[in-house]
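Scroll down for the structure; my scribbles are underneath it.
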Amino acid sequence: MGTVGLIPKVFEPKKFEEEVLKFWDENRIYEKLRERLRGRPKFYFLDGPPYPSSDVPHIGTCWNKILKDVVVRYRRMRGYYVHDVPGYDCHGLPIEVAVEKKLGFKSKKDIEELGVDKFIEECRKLALANAASMTKYFKDLGVSLNWDRPYLTLTNEYIEAAWWFIKKAHERGLLKRGLKVLHWCPRCETVLADYEVTEYRELEDPSIYVKFPVKGREREYIVIWTTTPWTLPANVAVMVHPDHTYVRVKVKKTGEVLILAKPRLEHVIKECNLGEVEVLEEFPGEALQGLEYEHPLADEVPIQRQIRHVVVTSREFVTMEEGTGCVHTAPGHGEEDFEVAKRYGLPVLCPVDSRGRFTSEAGKYANLYVREANSVIISDLERKGYLLHVGKIVHRYPVCWRCKTPLIYRATEQWFIEITKLKDRFLEEAAKVNWIPAWAGSARFRNWLMNLRDWVISRQRYWGIPLPIWVCTKCGHYVVIGSREELLERAIEKVELPDLHKPWIDRVVLRCEKCGGEMRRVPDVADVWLDSGIAFFASLGYPRNSELFNKLYPVDFITEGHDQIAGWFFSLLRASVIAFDQAPYRTVLMHGFTLDEQGREMHKSLGNYVAPNEVIEKYCREALRLFVLSNTVWEDLRFSWKKVEEAYSDLNILWNVYYFASTYMNLDKFDPEKYRLEDYLHVLEPEDRWIISRVNSVNKVVVNALESYHIHEAVRALRRFTVEDLSHWYIMLIRRRVWIEEERLEKLTAYITLFYVLEKLLRLLAPFLPMITEAIYQRMFRPALKEAPESIHYLEYPLPDEKLIDERCERLMDVVKEIVEKVSALRMKAGVKRRWPLRELVIATDSQEVREAIDMYRKILLTQCNVKKVEVVPSSEVRKFIRYVIEPVFSKIGPVYRGLTKKIVEYLSKQRPEDIAAALLEKGCIEFEIEGQVVRLSRDMINIREEPQTDYLITETRNFKVILSTTLTKEEIAEGLARDVVRRIQYMRKVLDLPLDATIEVVVYGPESEIELIKQYTHFIASETRARKVKFVGSRDEVTGDLVTEWEIDGSKYVIGVKRIQ
RNA sequence: GCCCCCGUAGCUUAGCCUGGUUAUAGCGCCCGGCUGAUAACCGGGAGGUCCCGGGUUCAAAUCCCGGCGGGGGCACCA
């Protein structure tokens, strides 16, 4: 036979949490749960792998993992076999940069000197160490994922999955090689895809106007504007707008003729200080097409001498917003320029190497770093007379997201996948996904997909998945390898290949099937977004093992921050459509960002960073969980110490609720298995039926919220229920019932009800607060239940019992609460404290519902309002408790009756106000005679006020009026005093720290007349305080006991002694 | 420039989809009360241009349009 266990009085969450974490670990609770659920319906959760570039997770990542934890815990309790492998995104530039920093490296050359193999090992070591450290943090927060075997993007198996994927893209004809003009980081010496260009800095650059001499004309020039003088050596053309008007103008000062757009003329005159000009000719830009000019740096830059420079036209790329309307075009250094070059068959020059230095092609400027060459080029232009003007401009300029080096555009050969061809499929598949919130999919994601670009997958780096492409050194033919076996089969020399990373992989040489030449791997690694994008199959070991994948695909649920719209959400879809022609996930929950108290992003560099440890240290793990989970999921989370504290305080209340129940149930050896709720339903008190209904209603709300992933709604409903319904109201109502000493039905039903509610609530809370609920479960519930499993997390998630939901009963309780509130307010106004009973409470109402509420909960009203009687009357009867007060309005009467006014007021004061009021209200005026003169007072001359009758107070709400009798006779005073004495004795028991069931002897001294009143309540005092004897004495010296305390009650001195009886 | 989210009391926030009585609650402040689970709680008070302006409607915090402010995303930056 079990009884309810006792839980500790003091709330020490950190201690309990640590205890529970240890318990889970030692008893393999998580692992056994997986076993219990094997064979159940699948739920494929996929973890968005964080980047292990630090050993401590950001607090936002903690929120992310806690959200995931709630979902997987809920699903398990609902009986799903949850695939719950976490992951880490191990490759890529951030790790490389961190290692470079650690080793003090400045460029790729340093890496080559150290040896790529050593560098790779450093990267691997760092990624694994950080991943292991982050795992510790996540586990410590109670996040229940399969931490023993996270998926890591750096394993051979994972790399092979990527190879298979790239080969798949190749087979679908989507893999391409070609010259692309893309952002390039001269420090990292690699291409950056457009979605990697996210950081901009305010930089100062030259802003120059340059004169390009028109071929065959004397002193006639096309004027261009640029902020990147270093791109001039690669200039091949000038773009103009065909439809806008252009002009030839003569500068009076110099006699030179300039060509530029008319709408820009005024601006250029001002900016370049041209002085007076004469417009020689106006014509459409079209007319300039084909006009040839000479490159101003032809002498300095040898490649420029072999090129014919012409004016071309473009509608899209020429604007009249800035510059001169004549756009300097360098196809090797600009995407648009490249576009135009393709259209016109212009040559693409790129005399800049991977480190951002000019090559020998740039002649004079060879070896100069591009940004340093600016000034040299400017002075050359000036010297040669081609510089019209030089100024400065501060503008936003893109920098490398890792190392903050200003980026440049460079034309290079890259590998890319033509995903623009799949745009329609992306849109179709994305529309099938359940997005939460809906606008994340219909607006944000869709919008992103509408602006698709092709996917450049090659990166000129080291720490990444090597592209599985081998190119023939002789004929240029290439093959894409899909697996390690395939590779080794085709290798010329059989090599050992324990690891598929660079540099080892580069040593594998293949034979060209076309020409018999040697094929070498392209030196590139894959864009790191490819890694995480294929996680939905690669983390399952596919394609090497297809069993898991066939069982689980597609992913049922993922959740990440809104930055992942363009990131992981997209890269998963991209990979899945390429490889399987369908969306990889069914439900996507987009959550917010974690910001600081002011709403700024949290960064270590900003100094506003709050480490998860700090929060746990100051409060506890579950307070952090409760805090983050209460935030509207898709809105940004402002970190707030105050809110963490509030969460902590709610946890404290939760603990106290369970402590309260456990104390009394344990004391009475309550065995919940002996009683079935159904058998007692008919004898429950109304408040019992109410709280049972409430817990089931909340259950319904919580399950609905969780099914639609509105996690915060579930959490808020549970917090409200625990604090307001359970702690503040229900427990307060039943306190007296559980304090009863003997075995009585009303105590038993309170226990049965409370146990039912608490057991259900505990399971409802388990996914959100896995540690506290476990701690309570182990101590309080497990000893009570025979079939209790080893952990609360093995129990099923509760579903609402519709039969027990009684909405009417809940609604009516709200009315009762409202009445109690109003009565408290009236008591306050009357200055009568709650302990003093009042004779009568009258509710005047015509509402059937209010009537029913009072009938149903009369007992509660009697005790909570502490009145002897509650009566309901029709609202019209409120009159009985009202009297009218009339006030003459001097400002109205005075001007009419002047000297008579005083007499009129005197007359009025002698009448019954009721009569005056009635007449006024009925007829609109009253007439009477004073000193022979007829006085006629209209409605506006007299104010009518309603006031409660003496000894009554009245207040009203929408549906009813509350009338409270405030009469205090000796009887009421006696009872009030007795209660005051009881309260003091209870307090003294507490101070003495007596056990709940200890009995005592009481001695009371007080003013004679009061004591005489109190004496009739001796029995009451005794039973309320578990006193075997209550003695009243005539002098304070006679008061004895283990504790003797002097009290002041209602202005008089009392001395009370309490003695424990053994 | 385009797109998305947010804007309600000193602070934090519910309600907005689906218009309707006196706009929600917490924190903080002041006054009072209750208490043998409670470092808890209850009542009262002070505190509001529901960002602004139009429109629709009998009725707008809520729906529509246009602004403003904050955050984010995308594009561009010759």
Side-chain angles (χ1 to χ4, degrees), chain A residues 9-11 194-195 198 200 205 224-228 231 235 238-239 317-319 321-330 333-337 393 395-398 437-440 442-448 450-451 561-563 565-566 590 592-593 595 597-601 630-632 634-636 638 640 642-643 645-646 649-650 652-653 655-664 716 719-720 723-724 727-729 731-732 735 738-739 820-829 831-835 864 957-959 983 985-991 993-996 1024-1026:
Chain A
K9 179 178 181 135
V10 185
F11 178 56
D194 41 270
Y195 52 79
T198 51
Y200 289 77
D205 275 315
I224 63 97
W225 171 66
T226 184
T227 58
T228 50
T231 59
N235 170 280
V238 166
M239 271 188 279
F317 304 136
V318 181
T319 72
E321 310 296 311
E322 48 186 0
T324 64
C326 303
V327 178
H328 148 56
T329 304
H333 297 307
E335 245 186 311
E336 297 175 342
D337 312 49
I393 186 174
H395 59 168
R396 290 177 69 231
Y397 193 90
W439 51 261
S442 60
R444 293 282 304 272
F445 197 65
R446 215 188 117 76
N447 189 28
W448 166 257
M450 296 301 280
N451 297 306
H562 49 57
D563 53 329
I565 287 283
M590 183 190 79
F593 262 20
L595 310 173
E597 311 228 41
Q598 278 78 44
R600 296 167 310 180
E601 278 189 42
S630 299
N631 192 73
T632 305
W634 48 83
E635 279 177 19
D636 288 346
R638 275 198 186 192
S640 152
K642 213 186 232 171
K643 292 215 148 191
E645 174 147 15
E646 275 175 44
S649 123
D650 281 0
N652 192 7
I653 291 172
W655 186 265
N656 285 329
V657 165
Y658 281 88
Y659 169 68
F660 170 83
S662 95
T663 316
Y664 286 99
R716 288 174 189 171
R719 282 179 80 166
R720 259 184 93 93
V723 175
E724 280 166 35
S727 174
H728 294 180
W729 194 241
I731 299 264
M732 187 183 65
R735 225 194 237 133
V738 302
W739 179 239
V820 173
E821 273 175 26
K822 292 295 169 194
V823 169
S824 301
L826 291 180
R827 276 181 169 275
M828 155 120 181
K829 210 163 154 193
V832 182
K833 49 188 172 182
R834 249 239 342 246
R835 227 178 280 121
Q864 295 308 306
T957 70
R958 241 181 272 146
N959 285 324
R983 208 228 114 192
I985 298 168
Q986 304 284 42
Y987 187 81
M988 290 169 74
R989 287 184 65 113
K990 198 175 180 178
V991 171
D993 202 20
L994 298 183
L996 278 178
E1024 287 291 304
T1025 61
R1026 295 203 171 160

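Numbered from 1 within each chain, the chains take letters A, B, ... in sequence-line order.
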Practice task
Just call it for A/I565: base, sugar-phosphate, or nothing, with non-hydrogen atoms closer than 4.0 Å on any strand.
Solution key: nothing

Practice task
With heavy atoms under 4.0 Å as the rule, sort A/V657 into base, sugar-phosphate or nothing.
Solution key: base

Exercise for the section: Starting at atom NZ of A/K822, determine the distance to atom P of B/rU22, rounded to an integer number of angstrom. Expected result: 14 Å

Exercise for the section: For the pair A/T226 (side chain) and A/T228 (backbone), establish whether a donor and an acceptor sit closer than 3.5 Å, ignoring hydrogens and angles. Expected result: yes

Problem - Span that lies between the P atom of B/rC63 and that of B/rG10, in whole angstrom - result: 24 Å

Handout entry: Polar side-chain contact A/T319-B/rA78 base: donor and acceptor under 3.5 Å
Key = yes

Problem - Short side-chain donor-acceptor distance under 3.5 Å, A/T231 and A/H328 - result: yes

Practice task
Indicate, with a heavy-atom threshold strictly under 4.0 Å, whether A/E645 touches base, sugar-phosphate, or nothing.
Solution key: nothing

Practice task
Rounded to whole angstrom, note down the C1' distance from B/rG7 over to B/rG67.
Solution key: 14 Å

Completion exercise
To the nearest angstrom, the CD-C1' distance between A/E646 and B/rA14 comes to 14 Å

Exercise for the section: Looking at every strand, decide which applies to A/L994 at a 4.0 Å heavy-atom threshold: base, sugar-phosphate, or nothing. Expected result: base

Exercise for the section: Answer with base, sugar-phosphate or nothing: what part of the nucleic acid does A/T957 contact at a heavy-atom distance below 4.0 Å? Expected result: base

Practice task
Compare the minimum distances between each of B/rC34, B/rU38, B/rU35 and the side chain of A/R735, then state the nucleotide with the smallest one.
Solution key: B/rU38

Problem - RNA chain B: 5'-proximal contact among A/N656 and A/D636 (nearest heavy atom) - result: A/N656

Handout entry: Closest contact, heavy atoms only, A/S727 versus A/V657
Key = CB-CG2, 3.7 Å

Fill in the blank from the handout: Testing B/rC41, B/rC34, B/rC3 for proximity to the side chain of A/I653, the answer is B/rC41

Problem - Any-strand Watson-Crick or G-U partner of B/rG1, both distances under 3.5 Å - result: B/rC74

Handout entry: Side chain of A/A443 (C-beta onward), nearest among B/rA14, B/rU38, B/rC4
Key = B/rC4

Exercise for the section: Might you confirm whether atom OH of A/Y397 has over 12 heavy atoms from other residues, nucleotides or ligands at distances under 6.0 Å? Expected result: yes

Handout entry: Pairing nucleotide - B/rA25, Watson-Crick or G-U, each distance under 3.5 Å
Key = B/rU12

Handout entry: Rounded distance in Å between the P positions of B/rU22 and B/rA14
Key = 24 Å

Exercise for the section: With heavy atoms under 4.0 Å as the rule, sort A/T227 into base, sugar-phosphate or nothing. Expected result: sugar-phosphate

Problem - Spacing of the C1' atoms in B/rA23 and B/rU35 (rounded, Å) - result: 33 Å

Practice task
Scan A/T226 against the nucleic acid and name what it touches under 4.0 Å (heavy atoms): base, sugar-phosphate only, or nothing.
Solution key: sugar-phosphate

Practice task
May I ask you to say what A/Y664 touches in the nucleic acid, namely base, sugar-phosphate or nothing, with a heavy-atom cut-off under 4.0 Å?
Solution key: sugar-phosphate

Problem - Span that lies between the P atom of B/rU21 and that of B/rA60, in whole angstrom - result: 12 Å

Handout entry: Pair of N/O donor and acceptor under 3.5 Å linking B/rU13 base with A/R638 side chain
Key = no

Practice task
Answer with yes or no whether A/S727 presents, from its side chain, a donor or acceptor under 3.5 Å of a partner atom in the base of B/rA40.
Solution key: no

Handout entry: Separation of the P atoms in B/rA78 and B/rC4, to the nearest angstrom
Key = 28 Å

Fill in the blank from the handout: Here the gap from A/L595 atom CG to A/D636 atom CG, rounded to the nearest 0.5 Å, amounts to 4.5 Å

Practice task
Check step by step if side-chain contact (heavy atoms from CB on, under 4.5 Å) holds for A/L996 and A/W739.
Solution key: CA-CA 9 Å; A/L996 278 178; A/W739 179 239; 3.9 Å; yes

Completion exercise
Assert: residue with more 5' nearest nucleotide on RNA chain B, out of A/W634 and A/G325, is A/W634

Practice task
Pick the P atom in B/rC42 and in B/rU57, then give their distance to the nearest Å.
Solution key: 45 Å

Practice task
Using the P atom on both, measure B/rU18 against B/rG1 and round to a whole Å.
Solution key: 32 Å

Problem - Any strand: nucleotide that pairs with B/rG69 via Watson-Crick or wobble, under 3.5 Å - result: B/rC6

Practice task
Give one of base, sugar-phosphate or nothing for A/I731, where a contact means two heavy atoms less than 4.0 Å apart.
Solution key: base

Exercise for the section: Could you work out which one of B/rC74, B/rC76, B/rC31 sits closest to the side chain of A/M828? Expected result: B/rC31

